[in-house]
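As structure tokens, the structure follows; a few thoughts come after it.
Residue indices begin at 1 and follow the sequence shown. Computed over heavy atoms, backbone and side chain alike; hydrogens, waters and symmetry mates excluded.
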Amino acid sequence: MSDRKNENWEQRDLEYIWHPAAQMKDYEELPPMVIARARGAWLYDVHGKKYLDIISSWWCNLFGHCNPEINQAVKEQIDKLEHVIFANFSNEAAIELAEALARIVPKGLKKFHFNDNGSAAVEAALKLCFQYHLQTGHPERQRFMCLSEGYHGETIGALSVGSLDLYARMYQPMMMDNIHVEAPDCFRCPYGKTRENCQCECFCKAEEAFAKHAKETAAIIVEPLLQGSAGMRIYPPLYLQKLRRLCDETGVLLIADEIATGFGRTGRMFACDHAAISPDIMTISKGLTGGYLPMSVTVTTQAIYDAFYADYSEGKAFVHSHTYAGNPLACAAALAVQHIFRTRPIFENAAVNAKWLTQRMTEEILSHSNVGEVRHIGLIHAFELVADKKTKQPFDAKKRLGYEVYRHALAHGLLLRPIGDVLYFNPPLNITQPELDTAIRLARTALDEVLPTA
Ligand SMILES: *Cc1c(COP(=O)(O)O)cnc(C)c1O
């Protein structure tokens, strides 16, 4: 360790570190919280202050920080094998993990291509779809469709199938020319419906796009049921069922990006399970390793795999690799996650807590005059700040009210990261009711401080 006597961690951080997704100037007013250790849903900083991590550290932590069972699995693995090349070589942890995942993924998904982060899994999925059509007699299918407000990662390909202005607009000249379909917007439904009484009238936008472009389209990529980065926008399973049917009719492949929704976040193992559909390709990451180590998997059907399977000389292989593919430590963590799912009543407990949380947030958060909606799926509960509750008129984004609520919540020891004026809980699946209650209380306090009610 370097000179620990001079322990100004915050200042030393800012000397060299460029943090993700941030205007670094903001750190002048709000320096980084330097975390020394963590347990369960709690983070402890170098000054001993604690924070309740209600966002699962960017949606990846699944069963609490420093979960004893996952810790043990990683410790055992590290003394056996830390890493080995994954081309021509394999390792026990990766094989066992593929077997374990094969038992839980939607029917028809069979082959597991390992990568090391979510964006990389999306890139692999796009390339696989493109090459699949090339090798099955459809070289004209070169374009991709995606939903507006979607988010699929930060690399150029993944960014170009996303359509959040915040992340993508200025890079437009660098990106592929994809077809953006207007996504469902259930909070401000243009058809005047609600999630409970609609027939996904908005699906006509997808039908229009398919009518025009399906023949030149390789695949459509969607975040099933929950557009996370768009502000936890939730739409009905019927939309996915209609999309699956339309893809089947037109030969467009369906990519379900379950990076955020996978592993119980929506109350089922995968969001696709709510709609009882299987995509042609599924991308998973985030919760996969319990939030321990970076890893992702692009899962495909046997049919896609078969289109690449040929004599070497035919040049049909998927020549795509990442150095840390199949990393045994990450696989060991992911295996421990699967073991926890198999041996503990995770879904049962989370369902009870989710129901209770909806009730409590309706009482404590929705009752605030500037909260327009509490929307929820599984344990994920989001609330949107509005200037006018009746008209759902948003606040001026320049006021950065979501960010202000975040800052106030932090001061009270709650990590409640905003997406614009949407704030959300996306806690570990084994969080307790008293912890959730603390989070609600602190969120309401922060809300009242930023937006005092008369
Ligand atoms: C986080 C996320 C990604 C990107 O994953 P990274 O590991 O951050 O590259 C892609 N798609 C969805 C839906 C995500 O939530």
Side-chain angles (χ1 to χ4, degrees), residues 85-91 94-116 118 120-146 152 157-158 161 210 214-222 224 240-241 243-259 262 269-270 272-273 275-285 288 295-322 325-326 331:
I85 178 173
F86 208 46
N88 281 120
F89 286 74
S90 194
N91 64 77
I95 295 165
E96 285 186 357
L97 178 60
E99 288 172 348
L101 293 174
R103 286 196 288 270
I104 61 163
V105 292
K107 214 168 74 208
L109 293 173
K110 176 72 195 297
K111 295 290 181 178
F112 296 80
H113 190 275
F114 286 74
N115 292 295
D116 52 18
V122 169
E123 299 285 343
L126 300 177
K127 286 172 69 178
L128 278 169
C129 290
F130 180 93
Q131 192 173 340
Y132 167 82
H133 289 296
L134 195 66
Q135 292 173 180
T136 54
H138 289 284
E140 75 285 1
R141 290 187 183 267
Q142 299 193 347
R143 300 185 71 190
F144 291 91
M145 282 192 210
C146 55
H152 300 287
V161 286
F210 271 69
K215 285 199 166 62
E216 48 172 331
T217 298
I220 180 166
I221 182 167
V222 300
L240 288 181
Q241 291 162 348
L243 186 59
R244 177 69 272 181
R245 213 171 308 136
L246 193 54
C247 285
D248 285 341
E249 287 163 11
T250 54
V252 172
L253 296 172
L254 176 58
I255 305 170
D257 179 354
E258 293 253 12
I259 290 169
M269 189 57 90
F270 297 102
C272 284
D273 298 339
I277 61 134
S278 291
D280 300 291
I281 293 188
M282 187 167 84
T283 52
I284 50 178
S285 185
L288 172 63
M295 182 164 73
S296 64
V297 184
T298 305
V299 196
T300 83
T301 58
Q302 183 76 40
I304 291 177
Y305 178 84
D306 287 344
F308 294 72
Y309 198 86
D311 286 332
Y312 179 82
S313 57
E314 290 184 44
K316 288 187 169 175
F318 187 48
V319 188
H320 175 108
S321 65
H322 287 288
C331 291

Gln131 side-chain N/O to Ala317 backbone N/O, donor-acceptor pair under 3.5 Å: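 Yes.
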Under 3.5 Å: donor-acceptor pair, side chain of Gln241, backbone of Ala275: yes
So which heavy atom on [X] is nearest to which on [Y], and how close?
X      : Y      : answer
Lys316 : Phe308 : O-CD2, 3.3 Å
Val297 : Ala121 : O-CB, 4.2 Å
Ala98  : Phe112 : O-CE1, 3.8 Å
Lys110 : Val299 : N-CG1, 4.4 Å
Phe270 : Pro106 : CD1-CD, 3.9 Å
Phe114 : Cys331 : CE2-SG, 4.0 Å

So do [Y] and [X] actually touch side chain to side chain, heavy atoms under 4.5 Å?
X      : Y      : result
Met282 : Leu101 : no
Leu109 : Pro279 : yes
Leu253 : Ile281 : no
Ile259 : Ser296 : no
Thr250 : Thr217 : no
Glu216 : Gln142 : no

Pair Asp257, Thr283: side-chain N/O donor-acceptor within cut-off below 3.5 Å: yes
Residues forming a salt bridge (Lys or Arg N to Asp or Glu O under 4.0 Å) with Arg141, sequence neighbours excluded: none
First locate atom [atom1] of [X], then atom [atom2] of [Y], and finally report the distance between them rounded to the nearest 0.5 Å.
X      : Y      : atom1 : atom2 : value
Asp116 : His322 : CG    : NE2   : 5.5 Å
Lys111 : Leu128 : NZ    : CG    : 13.0 Å
Leu254 : Cys272 : CG    : SG    : 7.0 Å

Whether Phe318 and His320 hold their rings parallel, tilted or perpendicular, with breakpoints at 30° and 60°: parallel
Partners meeting ring pair (Phe, Tyr, Trp, His ring centres under 6.0 Å) with Tyr132 (sequence neighbours left out): none
Residues forming a side chain to side chain donor-acceptor pair (under 3.5 Å) with Thr300, sequence neighbours excluded: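 Listed in chain order: nothing, the list is empty.
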